[in-house]
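Scroll down for the structure; my scribbles are underneath it.
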Amino acid sequence: MPAQKTSAPRRPAILRVLRKIAGRLGGALLVIWAVVTVTFIAVRAVPGDPLQAVLGGPGSNASEEAVAAAIEQYGFDLPLWQQYLRYLAQVASGNLGDSYSLRAPVTQIIGEQLPATLTLALAGFFAGWLLALVLAWWSVVGGRGAWAIASGFEAVASILPQFWIATVLIAIFAVGFGLPVAVSQPGPAGLVLPAITLAIPAAGFLGQTIRERMLDTLEQPFVIAARARGISTSQLFFKHILRHAALPAVSVSAWQFGNLISGAVVVETIFARQGLGRALLQAVLDRDVPLVCGTLIAVAVVYIVMTILTELGEYLLDPRGSRAQTSSAREVLI
């Protein structure tokens with residue numbers, strides 16, 4: 001009897017963990033399937049013939065034998081639904097196929113381009129978080145004026161298009177000051193302006209999310225009690241306010257990181273950087289179905305991994321799993 005009493009409470013907890021893991025795996029597979037399906041249909045709907053990409057583009061003057069071999073190899077003579085099932089089975093086996101235009105395995109191309117894009121996205125992500133936290137801290141310690149300025153900056157930054165930010169930064173640093181940092185370089189210098197371009201809108205979005213929670217946190221009893229004990233404003237922010245105010249922003253970090261990955265398409269093109277974004281853009285123009293699908297699958301996998309890491313970050317900030325809703329905006333007396 002004692003053994004039954006001790007083991008009974010543990011069994012539901014284990015089942016909950018297993019169900020959560022199964023749900024995550026099922027959700028990941030569903031996302032990948034949706035990405036493959038939507039991308040396959042969208043690329044096929046673009047006017048043009050993918051056979052031309054396989055044969056080297058328009059005007060390649062390929063022989064009849066080469067045309068017939070390409071049609072048989074890639075199944076272009078099959079109905080569209082059969083081509084879809086054939087590619088779906090290929091992806092399920094772990095084979096993303098060969099790029100039509102680059103004549104190389106898609107996994108190899110992704111492996112060569114993904115590190116540069118992840119480096120850029122992570123740099124923009126952490127720079128955005130740093131700027132959002134600095135603005136939040138300044139809002140608390142700087143009074144009403146700092147609060148208004150930071151709030152206005154976040155509202156404007158969150159809606160600025162990345163191509164406009166990139167153009168302004170290039171005009172200021174490359175044209176105005178004659179600095180070489182606007183030109184893509186393999187070292188850290190070539191990463192500065194592209195990362196700032198991604199960081200500014202991210203900081204605006206994250207800052208607004210943090211600010212909404214700060215409105216509620218500043219009025220909580222534990223904050224009022226801390227003020228009564230004479231704690232400094234900076235200590236109040238880092239020890240009490242930040243942990244609670246940052247939780248909603250952590251919750252949307254996976255979505256924000258996915259947005260940075262998509263923004264890398266624009267940024268890598270403007271700054272002439274190597275990366276998955278430029279490869280994806282060229283693949284779409286070339287109607288390179290395997291490379292387009294493979295690239296988006298890789299992005300989906302990155303998003304899934306970031307979602308899991310985000311949940312871990314939420315647990316570290318709030319082990320009890322509380323998800324208090326932010327209150328409506330109201331005046332804060334600082």
Side-chain angles (χ1 to χ4, degrees), residues 118-162 164-166 168-169 191-220 223 233-264 266-267 302-303 306-307 309-318 322-330 332 334:
L118 286 179
T119 300
L120 174 59
L122 287 172
F125 181 75
F126 288 115
W129 257 104
L130 178 61
L131 180 56
L133 293 177
V134 169
L135 290 172
W137 169 80
W138 185 46
S139 298
V140 173
V141 302
R144 289 179 178 272
W147 185 281
I149 294 174
S151 179
F153 172 82
E154 291 164 356
V156 174
S158 62
I159 62 174
L160 288 178
Q162 291 162 339
W164 184 86
I165 298 174
V168 171
L169 290 178
L191 186 64
V192 175
L193 291 188
I196 294 175
T197 302
L198 292 177
I200 290 176
F205 175 78
L206 293 171
Q208 287 181 313
T209 307
I210 294 173
R211 188 174 303 278
E212 290 180 4
R213 187 60 174 267
M214 283 174 58
L215 291 171
D216 182 68
T217 304
L218 286 168
E219 297 180 359
Q220 295 299 316
V223 174
T233 306
S234 293
Q235 289 179 326
L236 178 69
F237 176 79
F238 288 107
K239 290 185 177 181
H240 299 281
I241 297 175
L242 180 59
R243 178 177 177 181
H244 296 271
L247 185 59
V250 172
S251 302
V252 298
S253 290
W255 177 88
Q256 184 60 48
F257 188 80
N259 189 44
L260 292 177
I261 292 288
S262 63
V266 176
V267 174
V302 171
Y303 175 79
M306 281 301 300
T307 301
L309 293 178
T310 296
E311 291 184 352
L312 178 61
E314 289 182 69
Y315 176 78
L316 293 176
L317 285 174
D318 186 7
S322 60
R323 298 292 182 267
Q325 299 295 326
T326 56
S327 59
S328 59
R330 52 187 174 272
V332 179
I334 301 178

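Excluded from the calculations below are hydrogen atoms, water molecules and symmetry mates; all remaining heavy atoms, backbone and side chain alike, are included. These figures come from a predicted structure and were not determined experimentally.
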Item to check | Non-hydrogen atoms of Ser158 and Gln208 that approach each other most closely | outcome: OG-OE1, 3.4 Å

Item to check | Listed partners of Gln162 passing side chain to side chain donor-acceptor pair (under 3.5 Å), at least two apart | outcome: none

Checklist entry - Which pairs, with at least one residue in residues 148-161 and sequence neighbours excluded, count as a salt bridge (Lys or Arg N to Asp or Glu O under 4.0 Å)? => result Glu154-Arg211

Checklist entry - Between Pro194 and Val267, what is the shortest heavy-atom contact and its length? => result CB-CG1, 3.5 Å

Item to check | Set of residues satisfying ring-ring contact (aromatic ring centres under 6.0 Å, His included) with respect to Trp255, sequence neighbours excluded | outcome: Phe205

Checklist entry - With a 4.5 Å limit on heavy-atom distance, are the side chains of Phe257 and Leu118 in contact? => result yes

Item to check | Partners passing side-chain contact (heavy atoms from CB on, under 4.5 Å) against Leu130 (at least two apart in sequence or in another chain) | outcome: Val134

Next on the checklist: How long is the straight-line distance from CD1 of Ile261 back to CG of Leu122, given to the nearest 0.5 Å?
Outcome noted: 7.5 Å

Item to check | Heavy-atom pair with the smallest gap, counting every atom of Gly124 and Leu260 | outcome: C-CD1, 4.1 Å

Next on the checklist: Please determine whether the number of non-hydrogen atoms from other residues, nucleotides or ligands lying under 6.0 Å from atom CH2 of Trp138 exceeds 12.
Outcome noted: yes

Checklist entry - So, for Gly204 and Ala157, which heavy atoms are closest and what is the spacing to 0.1 Å? => result CA-CB, 4.1 Å

Item to check | Partners meeting side-chain contact (heavy atoms from CB on, under 4.5 Å) with Ala249 (sequence neighbours left out) | outcome: Trp129, Leu206, Thr209, Ile210

Next on the checklist: Suppose we screen for side-chain contact (heavy atoms from CB on, under 4.5 Å). Which residues come up paired with Leu131, at least two apart in sequence or across chains?
Outcome noted: Leu135, Phe153, Ala203

Checklist outcome for this item: Gly207 and Ala132 have their tightest heavy-atom pair at N-CB, 3.8 Å

Next on the checklist: Please report the interatomic distance CG(Leu193) to CG(Leu169), rounded to the nearest 0.5 Å.
Outcome noted: 5.5 Å

Next on the checklist: Please report the interatomic distance CH2(Trp164) to OG1(Thr197), rounded to the nearest 0.5 Å.
Outcome noted: 11.0 Å

